Amino acid sequence: MRASQTLSAMIFLAFLSTGFFPFAAAASTKDNGGKKQVSVASGQVDFLATGKPSAIKIHGHGTGLTGTFVVDDKTVSGKFEFPMDNFDTGVEMRNHHMKEKYLETGKFKTAQLEVQPVLFSASVLNAGTSAKDLTFKGTMTLHGVSHPIQGTLQETTEKTKITAHAEFELTISDYAIVIPTYLGITVADTVHVSVDLTADSASATHATDEAKK
Amino acid sequence: VSASFLRQLKYLLLSVTGILISTQSHAFPEMVRMGYQNCTACHVSPSGGGILTDYGRSMASEILSTWNYEGEEKIGHGLVTTPEWLHVGGDSYWVQTYVDDTTKTQKWFFPMQNDLEAAVRITRLWLVGTLGVQGGTSGVPSRGNMISHRYYALYNLSDETYVRAGKYLLPFGINQPNHTVVTKQNLAWDESQNVETYNVETGYIGEKYNASLVADFGRSTDPSYNWQNHFVPNDSTDNLERGLAANFAFNLYDTFKLGFSGFGGFNNDATRYVLGPNFILGFTKKLIFLSEYDYQLLYPHTPAPTQASEQRGFVSYNRLQYEFYKGVNGYIAHQLSYLDLTSGNTRIDMLGAGLDFFPRPHFEIQGEWNKKRTASVSDSYSDYAWLLLHYYL
């Protein structure tokens, strides 16, 4: 087993957290007070784990984040999902160990993140809006275990393009994932996760009952 | 024989001597591109090179080698198993050199180094040593002699701090396997010159930065050396250099390392100070840039030091490397040595390209070709090339 596997696991967590970003889209759509939902156009998740001793930096990256966020005036909430098999740490064996032994992606194929409503200063659907260092809370489900998380996010809406970046930290052991160790290197329990996504506010639709939930 | 010919022959010999009797500890600073900013992930030695950890062997297979099978990276290709407290390694280097300058063309093929290395771990204490046969061409007097290039005790006070004492190459700047680069050879820290010294060192290896402080007590190669006078400047029976070195490096993001090293030391001939920055920049997991600049200020002892007699100069090394395919690395490098800025004759510059190939764990083939100009010899460039065959146990 490798430290890289551990890193991979961390990455998965990070992906899950990607869903946190409730950046709603729809700069061109005037917010009329009704709830709108916007789907993620593209999203990626990165994680940075540290192997000790020696402070090895394990960087994982993956694309394929999907999800929807709901915009209700100035608040945004959302649900996001990331396929854990999409993580890549740059080392084949590390990827294999991470997915097979620690994240068990065959059994737990995706990670989900449900973000609680975040209050912005203006509707994210309006062009020209931006937010910095907002705190968000959510629930991440990873490796079959749900656990609350908290992080920070930034958002900008330029014309109809909504761009969001979120960061948070995960504790591997919170998710019943064995702390990865490999040949004397042990991955630190805390993993830093960052999520980047874009959405098109022009694609905003009235929120369905399911989304409103 | 004319004086001119002798001078040219001297520089020709100097240019190849470095690899005639050299030793290598084979560090891989370019692993920073994969997030390995500290040497101790893969090596027992805090300054890198030498015997590998189990994790290092695994990475040599997974990251460095083009092909591998499971367990191939282990000692004896997986046929031998050692207890957890014992690490065994060793290196065999064979070199083909080619030098073509204004005086003649020289080619040599010879064993450069054949060493066994062992490391014993007793809780937090490591005892490390090598034993091998001195390499070199048939003309090297010590060729074939038994020799231990390095031996030291290393105690890890914690996961981040250590103390080390023993005989090994003084840590300074970027530790890279090519000991003939100007930042090693021209600063007299070239392993080929048997300059491993007796050192006492302490250091910190953290997530954000590393630092080390090394007391260099020198090392005499003269059996009659009088150690009682060792700490008396200018009263030694051998002309060994002693000094103090400090290294600091900051780990930026997860694939950059920015360092600064300084050294102050003296021998019977001179007192010198060397300091400068070094950079290891992993732009991507395939593209990396290594750079080191060292400024030297040297005060000759004879005649009495004056402002006029001091020598100011520098050496620089820059390499841009790209992994074209797993295990296949190409690079271009530029080197400049100008150790007395008042004398153009001390200027040496070199531009070259190389290929470093790791077909399987335990095997390395590296070739480098340079155009080299030594101002004291000629204004024209000469060819200087070598091919290295390396097997590690």
Side-chain angles (χ1 to χ4, degrees), chain A residues 1-11 14 44-63 87-102 165 167 169-170 172 179-194 196, chain B residues 31-46 48 52-65 68-71 73-74 84-85 87 121 124 156-162 204-210 249 251-257 282 284-286 323 326:
Chain A
M1 296 169 292
R2 301 194 165 190
S4 54
Q5 293 181 324
T6 306
L7 290 175
S8 302
M10 299 175 109
I11 293 175
Q44 63 181 41
V45 181
D46 291 86
F47 72 84
L48 182 63
T50 304
K52 296 182 176 181
S54 305
I56 297 169
K57 305 290 176 56
I58 305 168
H59 178 210
H61 174 78
T63 57
F87 275 120
D88 179 21
T89 66
V91 180
E92 196 177 328
M93 182 183 280
R94 182 158 61 190
N95 290 341
H96 179 75
H97 287 178
M98 173 180 74
K99 295 173 186 178
E100 297 298 318
K101 182 171 182 180
Y102 299 103
H165 173 81
E167 295 186 20
E169 289 188 342
L170 294 177
I172 297 174
I179 299 293
T181 62
Y182 181 69
L183 296 176
I185 302 294
T186 301
V187 175
D189 199 11
T190 301
V191 177
H192 186 86
V193 180
S194 66
D196 292 276
Chain B
M31 289 292 280
V32 167
R33 68 188 163 92
M34 300 298 289
Y36 297 94
Q37 293 167 306
N38 297 327
C39 304
T40 50
C42 298
H43 297 276
V44 172
S45 168
L52 292 164
T53 62
D54 289 341
Y55 188 87
R57 282 186 177 275
S58 179
M59 292 302 103
S61 175
E62 287 300 317
I63 295 178
L64 288 181
S65 303
N68 65 327
Y69 60 80
E70 190 172 351
E73 73 279 6
K74 294 177 181 174
E84 203 171 294
W85 52 269
H87 291 231
R121 189 181 67 185
R124 287 184 170 273
N156 292 307
L157 299 165
S158 69
D159 283 351
E160 289 84 23
T161 54
Y162 68 90
Y204 172 84
I205 301 173
E207 189 172 341
K208 291 293 181 189
Y209 69 90
N210 328 138
N251 296 332
L252 183 65
Y253 304 116
D254 50 340
T255 57
F256 291 77
K257 195 175 185 81
T284 70
K285 288 181 176 176
K286 292 183 176 295
E323 185 187 54
K326 188 183 174 192

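Worth saying up front: this structure is predicted, and the values here are computed from it rather than measured. Here is how names work: the chains are called A, B, and so on, in the same order as the sequence lines, proteins then strands, and each is numbered from 1.
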Problem - A:His61-A:Asp88 side chain donor-acceptor pair, cut-off 3.5 Å - result: no

Handout entry: Under 3.5 Å side-chain donor-acceptor pair for B:Lys257 and B:Asn251
Key = yes

Problem - Residues B:Glu84, B:Arg121: salt bridge by 4.0 Å N-O rule - result: yes

Fill in the blank from the handout: Comparing A:Ser54, A:Gly184, A:Gly90 against chain B, the one with the most heavy-atom pairs below 4.5 Å turns out to be A:Ser54

Exercise for the section: Check each atom of B:Glu207 against the heavy atoms of chain A and say whether the ones under 4.5 Å are side chain, backbone, both or neither. Expected result: both

Handout entry: Minimum side-chain heavy-atom gap B:Tyr55-A:Ile56 below 4.5 Å
Key = yes

Exercise for the section: Count the heavy-atom pairs under 4.5 Å between each of B:Asp159, B:Thr255, B:Thr40, B:Ile205 and chain A, then report the option with the highest count. Expected result: B:Thr40

